[in-house]
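To keep things clear, I will list the structure first and then write my remarks on it.
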Amino acid sequence: MSVRLDGDVIRLEGACRVEEAETLVGLLQAQATRAVDLSQCRHLHGAVVQVLLAFAPPILGEAPEPFIRDLLAPAVRRNVMRASEPSSATTDFGPFSGGADGPLQTRS
């Protein structure tokens with residue numbers, strides 16, 4: 001298994017496939033303060049990437065793979081900072097707004 005709980009740290013190791021996303025969600029839902037260590041991660045399926053971006057856990061370690069290290073980890077860290085801001089009750093999608101009531105609409 002590529003997703004492993006080690007104390008309060010979730011370690012992503014090797015290639016994390018689509019099946020690992022559900023495991024990661026469960027671990028993060030059980031304890032939202034858990035950090036994720038990417039230092040041994042070399043590939044992430046898009047579903048796992050989405051979980052990381054949605055939950056924005058603290059990130060530990062530096063992944064050897066450039067996409068994870070240079071793009072994903074900084075994006076998750078930015079989401080962590082936004083989540084700690086008082087106005088983070090809603091997600092800002094830039095110039096677009098929308099919701100369950102209807103299609104996306106451009107705000108002015």
Side-chain angles (χ1 to χ4, degrees):
M1 181 172 265
S2 303
V3 177
R4 179 172 61 90
L5 183 59
D6 183 11
D8 283 338
V9 176
I10 301 168
R11 301 196 186 280
L12 303 186
E13 300 168 332
C16 296
R17 299 168 35 143
V18 66
E19 299 85 7
E20 309 295 345
E22 186 175 355
T23 302
L24 183 57
V25 166
L27 291 171
L28 290 169
Q29 283 180 333
Q31 186 176 341
T33 58
R34 287 182 172 144
V36 175
D37 180 5
L38 299 175
S39 62
Q40 299 300 313
C41 186
R42 58 180 173 76
H43 174 78
L44 293 173
H45 186 277
V48 177
V49 170
Q50 290 176 0
V51 171
L52 291 172
L53 290 171
F55 280 87
I59 299 294
L60 305 176
E62 191 169 290
E65 206 280 323
F67 170 78
I68 299 169
R69 179 188 63 235
D70 300 339
L71 298 174
L72 177 64
V76 173
R77 286 185 182 109
R78 279 193 301 275
N79 281 353
V80 169
M81 292 187 320
R82 285 187 189 136
S84 65
E85 294 174 0
S87 63
S88 68
T90 59
T91 303
D92 183 7
F93 292 106
F96 301 100
S97 64
D101 298 337
L104 290 176
Q105 299 175 6
T106 304
R107 1 177 198 149
S108 39

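Hydrogens, waters and symmetry mates play no part in the numbers below; they use all other heavy atoms, side chains included.
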| query | Leu5: what forms a side chain to side chain contact (heavy atoms under 4.5 Å, CB included) with it, not counting sequence neighbours? | reply | Ile10, Leu27, Arg34
| query | Under a single-linkage rule joining Ile, Leu, Val, Met, Phe, Trp and Tyr whose side-chain heavy atoms are separated by less than 4.5 Å, which residues share a cluster with Leu60? | reply | Val9
| request: Sequence neighbours left out, what passes side chain to side chain contact (heavy atoms under 4.5 Å, CB included) with Ala15? Give chain and number order. | output: Arg42, His43
| message | Measuring from atom CG of Leu44 to atom OG of Ser2, what distance do you get when rounded to the nearest 0.5 angstrom? | response | 9.5 Å
| Going by the salt bridge (Lys or Arg N to Asp or Glu O under 4.0 Å) test, which pairs reach into residues 43-54, not counting sequence neighbours? | none
| field | Pairs where residues 12-27 contributes a residue and the test salt bridge (Lys or Arg N to Asp or Glu O under 4.0 Å) is met, not counting sequence neighbours | value | Arg4-Glu13, Arg17-Glu19
| query | Which residues satisfy the side chain to side chain contact (heavy atoms under 4.5 Å, CB included) test with Glu62, sequence neighbours excluded? | reply | Arg69
| Of Val3, Leu12, Val36, which is the lone residue that meets side-chain contact (heavy atoms from CB on, under 4.5 Å) with Cys41? | Leu12
| Quick one: salt bridge (charged side-chain N to carboxylate O under 4.0 Å, His left out) partners of Asp8, sequence neighbours excluded? | none
Run the side-chain donor-acceptor check on residues 46-56: report pairs under 3.5 Å with partners two or more places apart or on a different chain.
none

| Heavy atoms of other groups near Gln40 CD, more than 12 under 6.0 Å | no
